[in-house]
Structures are given as structure tokens and as C-alpha cells.
A.B. asks: 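Just passing along the structure, written as C-alpha cells.
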Protein chains: 2
Amino acid sequence: MKDSTAEKPANIGAESRQDAHLDRVFHALSDPTRRAIVQRLSQSSGTVSTLAEPFDMSLNAVSKHLKVLEHAKLITRDIVGRTSVCSLNVDPLQNATEWITQYTQFWTDVLDSFESHLDTDASENHTSIEKDACS
Amino acid sequence: MKDSTAEKPANIGAESRQDAHLDRVFHALSDPTRRAIVQRLSQSSGTVSTLAEPFDMSLNAVSKHLKVLEHAKLITRDIVGRTSVCSLNVDPLQNATEWITQYTQFWTDVLDSFESHLDTDASENHTSIEKDACS
DNA sequence: GTTATATTCAACCAAATGGTTTAGGGTTTG
DNA sequence: CAAACCCTAAACCATTTGGTTGAATATAAC
């Protein structure tokens with residue numbers, strides 16, 4: 001249901017460009033301050049000091065967080081006068097969800113068909129996967 | 001479709017349990033080795049040595065990665081004999097996508113209606129958001 | 001031109017991360 | 001029992017991270 005020719009099995013341990021970008025995106029989202037900034041920017045663009053204002057930390061710290069987000073291409077900057085206006089870019093967020101749903105969707109599909117197949121059983125934990133362990 | 005009363009605006013900088021869990025999930029996914037493990041586990045459960053085999057690193061390193069995934073509740077372990085069988089748990093993955101799509105979905109909706117509103121214009125960059133900068 | 005404002009850069013620091021090696025605890029197997 | 005096997009624990013190391021402070025740069029305002 002996906003590509004089957006373009007994806008080389010690849011020696012695990014070699015890291016593609018795409019992978020490196022996902023690294024940065026997920027890492028950027030792994031910090032509560034940065035997630036709050038993304039949240040905030042989803043409503044409107046903002047300058048650095050505007051974005052820094054709600055947080056109990058130095059402006060420089062927020063500036064660094066913004067640089068992390070920028071490096072992950074989650075935000076773009078627009079320098080206007082002496083201010084730097086940051087805007088959200090949702091592309092990497094969609095890449096991230098695509099990566100995740102590749103696996104969640106698979107399992108929800110499988111489990112849906114599984115449950116509809118024996119539609120009277122009460123499965124107490126239908127999210128942990130046991131399948132065939134180490135064939 | 002979700003809670004709307006339970007979410008307090010919260011002093012930014014205070015971190016809820018939910019947030020701390022998202023921290024761990026996103027952090028867990030920010031490493032290519034761990035993502036490869038998740039990928040691998042989405043097909044079948046596996047023992048630690050089975051999971052470690054494709055990687056060019058010590059077993060202990062993989063063991064640590066698994067502990068990170070376990071701490072993020074992305075995997076569960078089932079100790080059988082002297083082996084530890086790891087299985088994927090998709091719940092946190094769904095939490096992560098829910099958090100992300102909260103913002104991507106908003107914008108794709110907005111931009112969809114925007115584009116359908118002036119349905120002849122060619123917008124060259126409809127993913128970077130500029131809106132009202134620092135009202 | 002001087003001063004205030006907005007932001008970045010650089011140096012520094014403690015703590016966490018990702019890896020290693022060595023040792024140890026259970027569990028099978030001979 | 002002894003030896004091999006699977007895995008975790010602990011100590012160690014280099015690098016990164018997330019924060020600080022202080023100086024530097026550039027624009028705006030006076």
C-alpha cells in the first residue's frame with residue numbers, strides 16, 4: 001500500500017536525509033516549551049519577544065528554542081525592521097503524522113477487522129500487540 | 001469529541017502529566033534507531049537480541065533504546081523464559097498524532113476554505129502562515 | 001548622534017543522551 | 001553442577017541539550 005521500489009532496505013544504521021529531518025522534527029516536538037510555541041504560533045505569527053513573554057526563562061533561551069524549531073523547518077522567519085516574525089510551517093508536522101500513522105493505521109485496521117470478525121468477544125486490551133513472537 | 005472543560009489554560013512553564021508523557025514519546029521517536037525498532041515491531045514482536053541484530057551497535061545500546069521506548073509506553077515486555085519479548089503499543093503514537101493534527105488539521109481546514117473561497121487564485125506557498133503578525 | 005529596543009552570538013555550566021565495556025543475574029542446556 | 005545464553009546493571013566517556021549571563025549588531029526613536 002506504499003512504495004515498494006523506492007525504499008531500499010538499507011543497512012540499518014545508515015541514515016537518510018528524510019530520517020535526519022524526522023530526527024529534528026521529533027526532537028523539536030519533544031520539549032514542552034517548543035510545543036507551546038508551536039501551539040501559540042498555530043493561532044498567529046509572533047515576534048521573538050512576543051513568543052518569549054509567557055515563559056519563565058530568559059529571552060535567549062527562547063531564541064535558542066526558536067532556532068531548534070527553525071532548523072527542523074517547523075517555523076519560518078520574516079525579518080521586519082528590527083523584529084523577527086516567526087510563522088508556523090505545518091509541512092514537517094504532516095511528515096511526522098504520516099510517519100506515525102503508517103504504523104498506527106495499520107494496526108487499527110487490523111484490529112478493526114479482527115474485532116468485527118469475532119464481534120462478540122470482549123478484548124480487554126486491544127492495543128498491545130502480541131502476534132507471533134520471534135518466528 | 002475530546003475534553004473541552006478539563007483543559008486548563010495553565011501557566012506556561014508548568015508541565016502536566018500528559019505533557020511529560022508527550023515529551024517522552026516525541027523524544028523516543030527522535031532517534032533513528034528507535035524509529036527503526038518501532039517500524040520493526042509494527043510487523044511482529046521480537047526478543048531483544050532479535051531486535052538488536054540488524055544494528056551496528058552493542059546489544060546493551062539497543063537494550064537502552066528499548067528502555068527509552070518502554071518508558072514512553074511505546075512498547076511492552078513479556079518475559080518468557082530467559083528472553084524478553086517486546087511488543088508495540090500504539091496508544092502513545094495515537095496521542096502524538098492527535099496532538100499534531102490539532103494544529104495541522106486546523107490549518108489545512110482554514111486553507112481549504114480559503115482556497116475554495118477565491119478558487120481561481122494560484123497561491124504559490126500555502127503552507128507557511130503569515131496571518132496577522134503580532135497583533 | 002545618542003539612546004533605547006529587538007535579537008543574536010559567544011562563552012560557560014549542569015544535566016541528559018548515546019554509546020562503550022565489564023560484571024552480574026536468571027534460565028536453559030549439557 | 002557447569003557452561004552457554006539472554007538480558008540488565010553499573011561505571012565510564014564524549015557529545016548534546018537547555019539554561020544562564022554578558023557582549024555585539026542592527027534598527028527605531030529622540
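These figures come from a predicted structure and were not determined experimentally.
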A.B. asks: According to side chain to side chain donor-acceptor pair (under 3.5 Å), who are the partners of A:Arg24, at least two apart in sequence or on a separate chain?
C.D. replies: none
A.B. asks: At under 4.0 Å between heavy atoms, how does the protein contact nucleotides 18-25 of chain C? Give one character per nucleotide, 5' to 3', with B, S or -.
C.D. replies: BBBBB---
A.B. asks: Could you work out, with side-chain contact (heavy atoms from CB on, under 4.5 Å) as the rule, every residue matching A:Thr97, not counting sequence neighbours?
C.D. replies: A:Gln94, B:Thr97, B:Ile100, B:Thr101
A.B. asks: Applying salt bridge (Lys or Arg N to Asp or Glu O under 4.0 Å), name anything that partners A:Asp23, two or more places apart in sequence or on another chain.
C.D. replies: B:Arg35
A.B. asks: According to side chain to side chain donor-acceptor pair (under 3.5 Å), who are the partners of A:Gln39, at least two apart in sequence or on a separate chain?
C.D. replies: B:Tyr103
A.B. asks: Report the distance from atom CZ of A:Arg77 to atom P of C:dA6, rounded to the nearest whole Å.
C.D. replies: 16 Å
A.B. asks: Give me the first and last nucleotide of DNA chain D, going 5' to 3', that has any atom under 4.0 Å from a heavy atom of chain A.
C.D. replies: D:dT17 to D:dA28
A.B. asks: Among residues at least two apart in sequence or on other chains, which ones pass side-chain contact (heavy atoms from CB on, under 4.5 Å) with A:Asn95?
C.D. replies: A:His21, A:Glu98
A.B. asks: Mind checking what makes side chain to side chain donor-acceptor pair (under 3.5 Å) contact with B:His65, not counting sequence neighbours?
C.D. replies: B:Arg34
A.B. asks: Specify the separation, in whole Å, of atom NZ of A:Lys67 and atom P of C:dT8.
C.D. replies: 8 Å
A.B. asks: Is there a side-chain contact between A:Val38 and A:Leu69 in this structure, where contact means two heavy atoms from C-beta onward sitting under 4.5 Å apart?
C.D. replies: yes
A.B. asks: Atom pairs, N/O to N/O, protein against nucleotides 27-30 of chain C, distance under 3.5 Å?
C.D. replies:
unit_1	atom_1	unit_2	atom_2	d
C:dT27	O2	B:Arg82	NH1	3.4

A.B. asks: Residues two or more places apart in sequence or in another chain: which of them pass side chain to side chain donor-acceptor pair (under 3.5 Å) with A:Glu70?
C.D. replies: A:Arg77
A.B. asks: Could you check how far CZ of B:Arg24 sits from P of C:dA16, rounded to whole Å?
C.D. replies: 14 Å
A.B. asks: Does the side chain of A:Leu74 come within less than 4.5 Å of A:Leu29's, by heavy atoms?
C.D. replies: yes
A.B. asks: What distance do A:Glu53 atom CD and A:Arg40 atom CZ have between them, rounded to the nearest 0.5 Å?
C.D. replies: 9.0 Å
